[in-house]
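Below is one structure; the comments refer to it alone.
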Amino acid sequence: MPERGGRPSWDQYFMEIAHLVAKRSTCLRRQVGAVLVLNKHILSTGYNGAPSGLEHCLDVGCLRQELGIPSGQQQEICRGIHAEQNAIIQAALHGVSTEGATLYCTNQPCTQCAKMLINAGVKQIIYEGEYPDELARQLLKEAQLATRRWGSIDSRGDRG
């Protein structure tokens, strides 16, 4: 919800940036964007796609799609890296600590991303779209990593 004068709240601002980042995705099935933020400053961004220097799924196709593998299953077959993983990798490449950061993401993290975010010291995840991965939700809860779905009634105000 915009603040007085039409300014976006911090949550809205960073979520809109996550959506812009997602437009760089090269995945044929789902475009995801992620933004790591600390103290209202962007640490890094990431989108889902093939590793640097490799051919994109847009160019070579999607094996998971060809095999009819449902979303949330057999992710190891995918040639792409998830947006959350790329955001963590970009921070690491540039020597930026993610300890205490908030992740804004267009989708709920999967199990692999949840484990990485826990170990990266991320303290809060604000996501928009659901992802069919109950284990990820359980791990985040067990790690006491705060999660909040953007767009729900309790997340429309500024909490950042």
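Along the sequence shown, residues carry numbers from 1.
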ILVMFWY cluster membership beyond [X] - transitive side-chain contacts under 4.5 angstrom:
X: Leu28; result: Leu58
X: Ile81; result: Ile89, Leu93
X: Val60; result: none

- What residues, two or more places apart in sequence or in another chain, satisfy side chain to side chain donor-acceptor pair (under 3.5 Å) together with Glu99? none
- Quick one: salt bridge (Lys or Arg N to Asp or Glu O under 4.0 Å) partners of Arg24, sequence neighbours excluded? none
In Å, rounded to the nearest 0.5 Å, how long is the span from [atom1] of [X] to [atom2] of [Y]?
X: Arg30; Y: Thr106; atom1: CZ; atom2: OG1; value: 8.5 Å
X: Asn107; Y: Tyr127; atom1: CG; atom2: OH; value: 10.0 Å
X: Cys62; Y: Arg29; atom1: SG; atom2: CZ; value: 5.0 Å
X: Thr111; Y: Leu135; atom1: OG1; atom2: CG; value: 4.0 Å
X: Ile126; Y: Thr102; atom1: CD1; atom2: OG1; value: 5.5 Å

- Query: Quick one: does Ile125's side chain get under 4.5 Å of Leu140's, heavy atoms only?
  - Reply: yes
- Message: I'd like to check the side chain to side chain contact (heavy atoms under 4.5 Å, CB included) partners of Glu16; sequence neighbours left out, ordered by chain and number.
- Response: Gln12
- Task: Could you pull out all residues at least two apart from Cys78 that satisfy side chain to side chain contact (heavy atoms under 4.5 Å, CB included)?
- Result: Arg64
Can you see which heavy atom on [X] is nearest to which on [Y], and at what distance?
X: Ala34; Y: Ala87; value: CB-CB, 4.4 Å
X: Pro132; Y: Ser71; value: CG-O, 3.5 Å
X: Gly33; Y: Val21; value: CA-CG1, 4.2 Å
X: Val32; Y: Cys105; value: CG1-SG, 3.8 Å
X: Leu43; Y: Ser97; value: CD1-O, 3.6 Å

- Note on the structure: Quick note, ring pair (Phe, Tyr, Trp, His ring centres under 6.0 Å) partners involving residues 11-41, not counting sequence neighbours, are Trp10-Tyr13, Trp10-Phe14, Phe14-Tyr104
- Query: Does Leu36 belong to the same Ile/Leu/Val/Met/Phe/Trp/Tyr cluster as Ile42, with side-chain heavy atoms less than 4.5 Å apart forming each link?
  - Reply: no
- Verify the cluster assignment for Ile88 and Val35: are they in a single hydrophobic cluster under the rule of side-chain heavy atoms below 4.5 Å apart? no
- Output every pair passing side chain to side chain donor-acceptor pair (under 3.5 Å) with a member in residues 74-86, not counting sequence neighbours, ordered by first then second residue. Gln75-Tyr131
- Within residues 48-62 or reaching into it, pairs that qualify as side chain to side chain donor-acceptor pair (under 3.5 Å) - sequence neighbours excluded: Ser25-Asn48, Thr26-His56
- Task: Could you tell me whether a side-chain N or O of Gln31 sits under 3.5 Å from a main-chain N or O of Cys27, the two making a donor and an acceptor?
- Result: yes
Show me the donor-acceptor pairs, under 3.5 Å and distance only, between side chains in residues 114-122 and residues at least two apart or in other chains.
residue: Lys115; atom: NZ; partner: Gln112; partner atom: OE1; Å: 3.0

- Item | Pair listing, salt bridge (charged side-chain N to carboxylate O under 4.0 Å, His left out) test, anchored in residues 121-143, at least two apart | Glu130-Arg137, Glu130-Arg149, Glu134-Arg137
